[in-house]
2 protein chains.
Amino acid sequence: MTNSSKIKVYQEVLEQIRLFIEEHELSEGDRLPSERELADQLGASRSSVREALRAIELLGLIETKHGEGTFLRTYRPYHSVELLATFVLRQPKTKEELLDVRQILEQQCIIRVMDHISSEDIDDLIEQLVTIDEQEVHEFIFKQLFSIVGNELLSKIWYLINNFSQASYRIIKSKSEYVRLLSFIKNKDIPNALSVLEHLYFDHD
Amino acid sequence: MTNSSKIKVYQEVLEQIRLFIEEHELSEGDRLPSERELADQLGASRSSVREALRAIELLGLIETKHGEGTFLRTYRPYHSVELLATFVLRQPKTKEELLDVRQILEQQCIIRVMDHISSEDIDDLIEQLVTIDEQEVHEFIFKQLFSIVGNELLSKIWYLINNFSQASYRIIKSKSEYVRLLSFIKNKDIPNALSVLEHLYFDHD
DNA sequence: AACTTATCAGTGGTCAGACCACCACTTTAA
DNA sequence: TTAAAGTGGTGGTCTGACCACTGATAAGTT
């Protein structure tokens, strides 16, 4: 008898909820039965039902509204990704690894943004730079660029890496460097844009 | 006052557990405090602690042994993958994003591995392919390649993405494709290697 | 002394029930 | 007609109880 052979109640509830959703063809925004109802129907206690629901919630599959009910939501892995990341990144990573991954993400961001960004967007960005503190220029620009690229998952990963990075180092360059970068992006000049980007990661100014 | 502003107890517990693991530098196999202890320390009820623990368990971060305690484990998706599958399949956007990110990571892996891998390594890999089930060839090869590249952070991110991906699709190509890929890597032929890689993502065989 | 068995404390698993906060809706009062 | 108070249902949280399982200790047996 293996120790993992016993199925816990909350896991059974999990499966039943899944089946319920499938059978009733529920989709985004639809409401699930109340916790008490589920407990009753499935012959489990409300506690067990809640354990299952909280787990699904953390996965990002449902959304809970106090006083209203539990609703299906559009699934995005990002909630769990964030939590997983904090565990995965638990051990202090070397500065090089963080920088490496960061570079990959930002390179790809620049490559991909070329297809989506307009000249006006870039001009707007350059204008806004005036109001941004120099320490936050890098983060500001890439936050904008990533959101233009539109891949939320990519953005989220970058954002996490960015935050972890700032614990050990910070990219601070003069705004003129970023204006150059943006200009190359405007001209769809990938090689030069990437070249400028690479310079940003070095310490010397 | 937005409705999402209130943090639930179980979410706070989640965060505290994460911090506890960080502070005490716990790693795989280490035991967490008992549910009652956690409840006491964090000033929460055991129910709330359990909601948090069950959620983490579903994610695959911890393992629970009846009568013994709760233990950290290396991340392995638990029920989460099957559970997510039902939902992710209906979210084309998420699927696209996952594939996109995955492609980025695997491209970079191939580019980077060229500097670290020897001809013998590749020959070994090709030999081992015989024993691998066709369904797992892709995962197997990249697991090896990533470990050769040496950036643990990159590896872990890929591993996470890979697992999430498998909830919605799976890359299955004949082994000969992978032999081609490895051959190009052997010859340090980046363009052709990336070209083969790109083919892998398409459905047609 | 060595070995088996019984006991026990600690742990997770589950449940029932209580109370609160919140929301949508209805009823009531101005 | 409109504003206020009430109402029922919902999630959020806590308490305390009991069970099943585990590992170690104590007691008993050979």
Side-chain angles (χ1 to χ4, degrees), chain A residues 1-17 20-21 24 26 28-73 79 83, chain B residues 1-17 20-21 24 26 28-73 76 78-80:
Chain A
M1 196 68 66
T2 62
N3 55 352
S4 59
S5 62
K6 277 166 213 148
I7 297 179
K8 299 176 191 169
V9 173
Y10 95 94
Q11 291 170 331
E12 182 59 28
V13 172
L14 227 43
E15 177 62 13
Q16 291 302 319
I17 292 177
F20 182 90
I21 293 170
H24 296 252
L26 300 189
E28 182 185 355
D30 290 339
R31 187 169 157 258
L32 258 57
S34 75
E35 298 179 350
R36 291 170 175 84
E37 232 174 298
L38 281 171
D40 208 51
Q41 281 185 358
L42 304 179
S45 72
R46 202 182 146 207
S47 325
S48 294
V49 170
R50 277 187 64 85
E51 287 181 10
L53 286 176
R54 273 343 104 218
I56 306 182
E57 184 181 59
L58 189 66
L59 278 182
L61 297 176
I62 60 173
E63 184 178 15
T64 265
K65 295 180 186 170
H66 195 172
E68 297 183 58
T70 306
F71 303 83
L72 240 63
R73 61 182 283 171
H79 291 276
L83 187 69
Chain B
M1 197 67 66
T2 62
N3 55 350
S4 59
S5 61
K6 277 168 213 147
I7 296 179
K8 298 176 191 170
V9 173
Y10 95 93
Q11 290 170 331
E12 181 60 25
V13 172
L14 225 46
E15 176 64 11
Q16 291 302 319
I17 292 177
F20 182 90
I21 292 170
H24 296 253
L26 300 188
E28 182 186 357
D30 290 338
R31 189 171 154 257
L32 258 56
S34 75
E35 298 178 350
R36 291 170 176 84
E37 233 173 296
L38 281 172
D40 207 51
Q41 281 185 359
L42 304 180
S45 72
R46 202 180 146 208
S47 329
S48 295
V49 170
R50 277 186 65 84
E51 287 181 10
L53 287 175
R54 273 344 104 218
I56 307 181
E57 185 182 58
L58 187 67
L59 277 183
L61 295 173
I62 60 173
E63 184 178 14
T64 266
K65 295 179 186 172
H66 195 173
E68 297 182 61
T70 305
F71 303 84
L72 238 64
R73 59 184 265 176
R76 246 174 276 117
Y78 196 45
H79 275 293
S80 52

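Predicted model, so just to flag it, every value in this text is computed and none were measured. Here is how names work: the chains are called A, B, and so on, in the same order as the sequence lines, proteins then strands, and each is numbered from 1.
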OP1 or OP2 of C/dA16 under 4.0 Å from side-chain N/O of A/S47
no
If we only count heavy atoms from C-beta on, is the A/T70 to A/L38 side-chain gap below 4.5 Å?
no
Just wondering, do B/T64 and A/K8 contact through their side chains at under 4.5 Å, heavy atoms?
yes
If you check the A/S34 side chain, which of D/dT13, C/dA16, D/dT10 turns out closest?
D/dT10
What's the CZ-P distance between A/R36 and D/dG8, to the nearest Å?
15 Å
Would you indicate, yes or no, if D/dC14 has its OP1 or OP2 atom less than 4.0 angstrom from a side-chain nitrogen or oxygen of B/S48?
yes
D/dG12 C1' sits how many Å from A/E63 CD, rounded?
16 Å
D/dC21 phosphate, OP1 or OP2, under 4.0 Å from A/K6 side-chain N/O
yes
Of D/dG12, D/dT13, C/dG13, the nucleotide closest to the side chain of B/T64 is C/dG13
Nearest-Å distance, CD1 (A/I56) to P (D/dG11)?
13 Å
If you compare every side-chain N and O of A/R54 against the phosphate oxygens of D/dG11 (OP1, OP2), does one of them come in below 4.0 Å?
no
Any side-chain heavy-atom pair of A/I21 and A/L61 under 4.5 Å
no
What's the NE2-P distance between B/H66 and D/dT22, to the nearest Å?
8 Å
In whole angstrom, what separates A/R50's CZ from C/dG17's C1'?
15 Å
Do A/R54 and A/E35 meet the salt-bridge criterion of a basic N to acidic O distance under 4.0 Å?
yes
What is the distance from CD of B/Q11 to P of D/dG11, rounded to the nearest Å?
16 Å
Can a donor-acceptor pair under 3.5 Å be found between the side-chain atoms of A/R46 and the base atoms of D/dG12?
yes
What is the distance from CD of B/E51 to C1' of D/dT13, rounded to the nearest Å?
8 Å
Given side chains that start at C-beta, do those of B/L58 and A/L59 come closer than 4.5 Å, heavy atoms only?
yes
Within the structure, does a side-chain N or O atom of A/T70 lie under 4.0 Å from either OP1 or OP2 of D/dG11?
yes
Separation of C/dC23 atom C1' from A/E68 atom CD, nearest Å, is 6 Å
Closest to the side chain of A/S45, out of D/dG12, C/dA16, C/dG13, is C/dA16
